[in-house]
Amino acid sequence: MRKFAISDIHGCFDTFQALLQQIELSKEDELYLLGDYIDRGPLSKQVFDHIQDLQTQGYTVKCLRGNHEQLMLDSTLGGQHARVWMVNGGVQTLDSFGVNHINDVPSPYMERMKQLPYFLEVDQYILVHAGLDFKDQPLENFRAMLWIRNWYHQVDRAWLGDRIVVHGHTPIPRAAIKLQLAMLGRLPVLNIDNGCYRYQDMQRGQLCAFEMTEQKLYFQPNIDRMTI
């Protein structure tokens, strides 16, 4: 059994499929997706549908909530919430559903997003979308799990023990991801977001998978070719 983590697909359905083919995902494996399935890329609905298809076919796929799922849920409140989502990829997501308004997105998709957890603990790993706020009760600050940046300086090694935090949310260069993996003994944190949708960036633009048992990285260049 292998255990993979992938984060920040951002509507890049073809790239996501190509990465799953590259790692040769099987029904004996476990796949953990760390949020941000939607926005920016062209095929958010198709990403959702493929995840559900995999689960229906008997693949073990477990999903977390990302800040973009939260933006989409919040957009139902209208006003500024809707405007913020639209300028951060909501337009592309609505296009993938073939609708013009959040209220026209089929309710099962919204209900699935509402059920997404904020974190998972798998073996020695804490999986989360953005990171943890170690100032007080790290596993209870759900907002931080979706939005926090620049938090490595506050990592509490005593609280973590032997655990490692794997997250996305903040796109970093491929070389930086590899360096973090090599330095896990010093800082038990790994950011696997290479900014897949940023295909025009020479240091980013790939979707990353982390195989947690062997601690191996896989990268798939963006083949969807749409960004904002």
Side-chain angles (χ1 to χ4, degrees), residues 5-20 22 31-52 61 63-77 80-102 104-106 109-110 112-114 116 118 128-131 143 145-149 166-174 176-177 191-210 218-228:
I6 299 173
S7 191
D8 296 85
I9 300 167
H10 278 301
C12 296
F13 169 65
D14 292 335
T15 308
F16 179 43
Q17 276 198 312
L19 181 57
L20 295 183
Q22 181 190 152
L31 177 61
Y32 296 88
L33 303 176
L34 310 189
D36 281 10
Y37 315 101
I38 62 171
D39 299 347
R40 305 192 190 282
L43 298 173
S44 294
K45 177 183 183 297
Q46 289 78 357
V47 171
F48 272 136
D49 290 343
H50 190 53
I51 292 169
Q52 184 163 26
V61 184
C63 303
L64 296 180
R65 181 185 309 219
N67 64 301
H68 279 262
E69 284 75 54
Q70 191 63 56
L71 285 174
M72 187 172 179
L73 290 170
D74 291 346
S75 74
T76 61
L77 301 173
Q80 184 65 15
H81 295 286
R83 289 189 288 272
V84 168
W85 180 54
M86 293 298 280
V87 301
N88 281 283
V91 171
Q92 286 78 7
T93 296
L94 291 180
D95 285 347
S96 76
F97 280 93
V99 300
N100 296 314
H101 194 277
I102 185 63
D104 296 322
V105 173
Y109 291 91
M110 305 300 290
R112 285 167 58 195
M113 275 187 280
K114 291 177 183 177
L116 292 173
Y118 292 92
V128 64
H129 177 64
R143 178 172 175 77
M145 293 178 190
L146 298 180
W147 293 99
I148 196 169
R149 301 189 197 272
V166 179
H167 71 99
H169 182 56
T170 301
I172 63 173
R174 174 172 172 164
I177 297 174
N191 180 356
I192 58 172
D193 181 8
N194 188 229
C196 176
Y197 68 93
R198 298 186 178 186
Y199 70 89
Q200 296 172 318
D201 186 333
M202 295 294 292
Q203 302 299 318
R204 296 173 176 81
Q206 299 184 69
L207 191 61
C208 175
F210 174 53
Y218 298 80
F219 291 89
Q220 170 60 49
N222 181 304
I223 58 174
D224 290 85
R225 313 295 285 179
M226 180 184 287
T227 185
I228 60 170

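As the structure is a computational prediction, the values presented were derived from the model and not from experiment.
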Where is the tightest heavy-atom contact between Gly41 and Cys12, given as atom of each residue plus distance? CA-SG, 4.4 Å
Between Arg112 and Phe48, is there a donor-acceptor pair closer than 3.5 Å when you use the side chain of the first and the backbone of the second? yes
Taking all atoms of both residues into account, what is the closest heavy-atom pair of Phe16 and Leu207, and its distance? CA-CD2, 3.7 Å
For Asp39, does its backbone N or O pair with a side-chain atom of Thr93 as donor and acceptor, under 3.5 Å? yes
Just wondering, do Ile38 and Val47 contact through their side chains at under 4.5 Å, heavy atoms? no
Of Ile6, Leu20, Leu19, the residue whose pairing with Tyr218 passes side chain to side chain contact (heavy atoms under 4.5 Å, CB included): Leu19
Who passes salt bridge (Lys or Arg N to Asp or Glu O under 4.0 Å) against Asp49, sequence neighbours left out? Lys45
Donor-acceptor contact below 3.5 Å, side chain Arg174 vs main chain Gly205: no
Do the ring planes of Phe97 and Tyr109 sit parallel (below 30°), tilted (30 to 60°) or perpendicular (above 60°)? perpendicular
Say you draw a straight line from CG of Asn194 to CG of Asn222; how long is it, rounded to the nearest 0.5 Å? 10.5 Å
Side chain to side chain contact (heavy atoms under 4.5 Å, CB included), paired with Trp85, selected from Leu94, Asp74, Thr76, Val91: Leu94
Calculate, to the nearest 0.5 Å, the distance between atoms CG and NE2 belonging to Asn88 and His10 respectively. 9.5 Å
Report yes if some heavy atom in the side chain of Glu69 is under 4.5 Å from a heavy atom in the side chain of Met72; otherwise report no. no
Interatomic spacing from CG in Asn67 to CG in Asp8 - rounded to 0.5 Å: 8.0 Å
Here the pair of heavy atoms bringing Ile177 nearest to Cys208 is CG2-SG, 4.5 Å
Can you name the nearest heavy-atom pair linking Leu64 to His129, along with the distance? CD1-N, 4.4 Å
Can you tell if the side chain of Met110 reaches within under 4.5 Å of the side chain of Leu73, non-hydrogen atoms only? yes
Can you tell me how far the OG atom of Ser7 sits from the CD1 atom of Ile192, to the nearest 0.5 Å? 5.5 Å
One pair to check against side chain to side chain contact (heavy atoms under 4.5 Å, CB included): Met113 and Tyr37. What are the steps and the verdict? CA-CA 10 Å; Met113 275 187 280; Tyr37 315 101; over 6 Å; no
Is there a side-chain contact between Leu34 and Asp193 (heavy atoms, below 4.5 Å)? no
Ile223 to Asp14 - nearest heavy-atom pair and separation: CD1-O, 3.5 Å
Drop me the distance from Ile9's CD1 to Ile51's CD1, to the nearest 0.5 angstrom. 5.0 Å
Within-4.5 Å side-chain heavy-atom neighbours: Gln206 and Cys196: no
Quick check: are there more than 12 heavy atoms from other residues, nucleotides or ligands sitting under 6.0 Å from CG of Asn100? no
Could you report the tightest heavy-atom contact between Val166 and Ala5, atom names first, then the distance? CG1-CB, 4.4 Å
Report the distance from atom CE of Met145 to atom CZ of Arg65, rounding to the nearest 0.5 Å. 11.5 Å
